[in-house]
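Here is how names work: the chains are called A, B, and so on, in the same order as the sequence lines, proteins then strands, and each is numbered from 1. All figures in this text were calculated on a predicted structure; none of them were measured in a lab.
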Amino acid sequence: MKHVTKFQNKVYEIVKKIPRGKVMSYKEVAEKIGKPRAYRAVGNALNKSASWRTDIPCHRVVRSDGSPGGYRKGIKKKVKLLKNEKVF
DNA sequence: AATGAGGCCCTAA
DNA sequence: ATTAGGGCCTCAT
């Protein structure tokens, strides 16, 4: 556990609250935090956190147009996880 | 409808 | 303190 800012902490809280079978866009998360213009920072936070944050379903966070976006562990893995969860 | 360019926010070096 | 980068978004062509 490294030093995390309040912003990242907020991101984690929101992303963690994402129920299974549902996905949220970076912008949506940013809006929940209170900074709808910080969608880039959200992705960045998840990106670095995904390395040691396994309790956060960052793969459930996709782009506004439905595109998977990106994934630190591999975009393929993200798509696979999404298909596995969205199947319900 | 698809592609190109610009802009905002955060973190690390 | 400043610069560059990033899992983006939106507007214009």
For this session: Report yes or no: does A/Lys78 contribute a side-chain atom to a donor-acceptor pair with the main-chain N or O of A/Gly69 at less than 3.5 Å?
Result: no

Exercise. Could you give the CZ-to-P distance, from A/Arg37 to C/dT10, as a whole number of Å?
Worked result: 8 Å

For this session: Pick base, sugar-phosphate or nothing for A/Ala38, based on heavy-atom distances below 4.0 Å to the nucleic acid.
Result: sugar-phosphate

Exercise. If you look at every strand shown and take non-hydrogen atoms under 4.0 Å, does A/Ala50 touch a base, only sugar-phosphate, or nothing?
Worked result: base

For this session: May I ask you to say whether A/Glu13 pairs ionically with A/Lys10, meaning some side-chain N is under 4.0 Å from a carboxylate O?
Result: no

Exercise. How long is the gap from NZ on A/Lys73 to CG on A/Asn47, to the nearest 0.5 Å?
Worked result: 9.5 Å

Problem set entry | Polar side-chain atom of A/Ser67 near backbone of A/Arg63 as donor-acceptor pair, under 3.5 Å | no

Seminar exercise, completed: Within residues 58-65 of chain A, the residues having a heavy atom closer than 4.0 Å to DNA chain C are A/Cys58, A/Val61, A/Arg63, A/Ser64

Exercise. Between A/Ala30 and A/Ala38, what is the shortest heavy-atom contact and its length?
Worked result: CB-C, 4.0 Å

Problem set entry | Watson-Crick or G-U stems of DNA chain C, 3 or more pairs, under 3.5 Å, by first number | B:2-7 with C:8-13, B:9-13 with C:2-6

Exercise. Any sub-3.5 Å donor-acceptor pair from A/Arg60's side-chain atoms to A/Ile18's backbone N or O?
Worked result: yes

Exercise. Should A/Tyr71 and A/Lys76 count as side-chain neighbours, where that means a heavy-atom distance under 4.5 Å?
Worked result: no

Exercise. What are the residues of residues 66-83 of chain A, sorted by number, that bring a heavy atom to within less than 4.0 Å of DNA chain C?
Worked result: A/Gly70, A/Lys78

For this session: Specify the separation, in whole Å, of atom CG of A/Asn44 and atom P of C/dG6.
Result: 9 Å

Seminar exercise, completed: A/Gln8 meets the side chain to side chain donor-acceptor pair (under 3.5 Å) criterion, sequence neighbours left out, with A/Tyr12

Seminar exercise, completed: Span of DNA chain B engaged by chain A, first through last nucleotide within the 4.0 Å heavy-atom cut-off, is B/dG7 to B/dA12

Seminar exercise, completed: Within residues 7-35 of chain A, the residues having a heavy atom closer than 4.0 Å to DNA chain C are A/Tyr26, A/Lys27

